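Working notes, structure below.
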Amino acid sequence: MNHATDRGPSTTRERARAERTAPAPVGVVIATRNRSASLAVTVRHLLALPERPQILVVDNASTDDTAAMLARDFPRVRVITLPVNRGALARTHGVRALDTPYVAFSDDDSWWAPGALAAAARHFDAHPRLGLLSARTLVGPVGAADPLNDLLAASPLGTATDLPGTQVLGFLGCAAVARRTAYLDVGGYHPLLFFGAEETLLAYDFAARGWGVTHCPDVTAHHHPDPGPRTGRSAVVRRNELLTAWLRRPLPHALARTRDLAADARHDPHARRALRETLTRLPAALRARRPLPPHVERAARLLDTVNGATS
């Protein structure tokens, strides 16, 4: 008796058809604002992926033709339009709206390599404690390796038997994949940080809740940042490093970061503005402080020593 009809697709063609129609386990959230041209390039790359992921664009109150472009050229893509610019919190709106078990993040100037999302899903399936995966990032038309790749690979946290890759305390926001339940468990990006080195605090939050954060170089993202100058970026990053220190780290470390930013403010108007913003946000940061696990704290201090010697 032939029981093939009771065992699902019985031919190569039927199996391929079933795989094409099965929902992808990884959805993609894109945060954007006023960059419709580069967003269109990103969406085209993502729609061409063999994994056929759900794509959700969260528009941070754009004032250009972003909404019209998406409706006209990409009607299959879901869009959430926020009434105000929420910064990195746009990604959390996207995670809440998707129902896929895993969520990959792209910016409007980045996308995923073919097969990368499938590789990420395999890591998450095989490692239940994995909360967030940091990908290898290739930059620009020539695909140059981002220097962050080597820094993440050399993380002092090393490996863990129940996690893939190397454990890390940071990642690039547009080159990360998260387990949806873990991301929501830790609360997503912190509202105090907006944009600029906002990823570090989220990595700490994952670690504090017991979730693994690792760098897996077999998962590849492409990043095509605008080559133009980003005025005031360094001051914003310094501000968020300081807020992260107050939110997560021991008091002496937070005070040292405050002194660093105050020193910059003596001669840099952007740093002065960042310091004023920090001071207005410190009361909320103090209320939100939670300790890190001891092994994570030790690794964070070691990373600070290394970064201080090379900066």
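Values in this document were obtained by computation on a predicted structure and should not be read as measured data. By convention here, the first residue in the shown sequence is residue 1.
Hydrophobic clustering (side-chain heavy atoms under 4.5 Å, transitive across Ile, Leu, Val, Met, Phe, Trp, Tyr) groups Y183 together with V58. A single hydrophobic cluster is seen to contain both I55 and Y102, as judged by linkage of ILVMFWY side chains at heavy-atom distances under 4.5 Å, directly or through other members. Hydrophobic cluster membership differs between L133 and F206, with clusters built from Ile, Leu, Val, Met, Phe, Trp and Tyr side chains linked at under 4.5 angstrom. Linking Ile, Leu, Val, Met, Phe, Trp and Tyr residues whenever their side-chain heavy atoms come within less than 4.5 Å leaves F124 and L184 in two separate clusters. Residues L82 and F105 share a single hydrophobic cluster, defined by chaining ILVMFWY side chains whose heavy atoms lie under 4.5 Å apart.
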>> Does N149 form a side chain to side chain contact (heavy atoms under 4.5 Å, CB included) with T137? I'd like the steps, not just the answer.
In response: CA-CA 7 Å; N149 297 336; T137 308; 4.0 Å; yes
> Stepwise, does the side chain to side chain contact (heavy atoms under 4.5 Å, CB included) test hold for W111 with V28?
Replying inline: CA-CA 9 Å; W111 52 85; V28 180; over 6 Å; no
> Could you go step by step and tell me if T81 and T66 meet the side chain to side chain contact (heavy atoms under 4.5 Å, CB included) rule?
Replying inline: CA-CA 10 Å; T81 301; T66 290; over 6 Å; no
>> I'd like to know whether S38 forms a side chain to side chain donor-acceptor pair (under 3.5 Å) with D109, so could you lay out the CA-CA distance, the side-chain angles of the two residues, the decisive distance to 0.1 Å, and finally the verdict.
In response: CA-CA 6 Å; S38 61; D109 59 1; over 6 Å; no
>> Determine whether L47 and F74 satisfy the following criterion, side chain to side chain contact (heavy atoms under 4.5 Å, CB included), listing intermediate values before the conclusion.
In response: CA-CA 9 Å; L47 287 174; F74 305 104; 3.6 Å; yes
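Between R91 and E198, the closest side-chain pair of non-hydrogen atoms falls below 4.5 Å. Side-chain contact check for V177 versus W112: some heavy-atom pair is nearer than 4.5 Å. At least one side-chain heavy atom of L46 sits under 4.5 Å from a side-chain heavy atom of I30. Counting heavy atoms from C-beta outward, V139 and P225 have side chains that approach closer than 4.5 Å. Within the 4.5 Å cutoff, the side chain of D185 has no heavy atoms near those of the T181 side chain. Within the 4.5 Å cutoff, side-chain heavy atoms of L132 are placed close to those of F171. Side chains of L172 and H223 form a contact here, defined as non-hydrogen atoms less than 4.5 Å apart. V95 places none of its side-chain heavy atoms less than 4.5 Å from the side chain of Y189.
Nearest heavy atoms, D162 versus H127: O-CD2, 3.4 Å. Across L130 and P164, no two heavy atoms sit closer than the pair CD2-CG, 3.9 Å. Contact between V26 and A121 at its shortest, heavy atoms only, is CG2-CB, 3.9 Å. Nearest heavy atoms, G115 versus P50: N-CG, 4.0 Å. Heavy atoms only, all atoms of each residue included: S110 and C174 are closest at OG-CB, 3.3 Å. A pairwise comparison of heavy atoms in D64 and S36 identifies OD2-N, 3.4 Å as the closest pair.
One finds the CD atom of E51 at 4.5 Å from the CG atom of L117 (value rounded to the nearest 0.5 Å). Distance CG/N34 to CG/D59: 7.5 Å, rounded to 0.5 Å. With values rounded to the nearest 0.5 angstrom, L70 atom CG is found 9.0 Å from D65 atom CG.
Annotation: R86, atom CZ; neighbour count of heavy atoms from other residues, nucleotides and ligands within 6.0 Å does not exceed 12. Atom CZ of R76 has 12 or fewer heavy atoms from other residues, nucleotides or ligands within 6.0 Å. The 12-atom threshold is not exceeded at CZ of R96, counting heavy atoms of other residues, nucleotides or ligands nearer than 6.0 Å.
In this view, A97 and L56, R78, I80 satisfy the side chain to side chain contact (heavy atoms under 4.5 Å, CB included) rule, not counting sequence neighbours. Considering only residues two or more places apart in sequence or on other chains, D99 meets the side-chain hydrogen bond (donor to acceptor under 3.5 Å, both in side chains) condition with Q54.
Between the side chain of S155 and the backbone N or O of L157 there is at least one donor-acceptor pair closer than 3.5 Å. Side-chain atoms of D150 do not come within 3.5 Å of backbone N or O of P147 as any donor-acceptor pair. When atom types are taken as modelled, the side chain of T32 and the backbone of D108 share no donor-acceptor pair closer than 3.5 angstrom. Put simply, the side chain of H215 gets close to the backbone of S134: a donor and an acceptor are under 3.5 Å apart. Looking at R33, its side chain never comes within 3.5 Å of a backbone N or O of N85 through a donor-acceptor pair. The backbone N or O of V186 sits nowhere less than 3.5 Å from a side-chain atom of R209 that would complete a donor-acceptor pair.
Among R122, H123, R136, the one residue that satisfies the side-chain hydrogen bond (donor to acceptor under 3.5 Å, both in side chains) test with D218 is H123.
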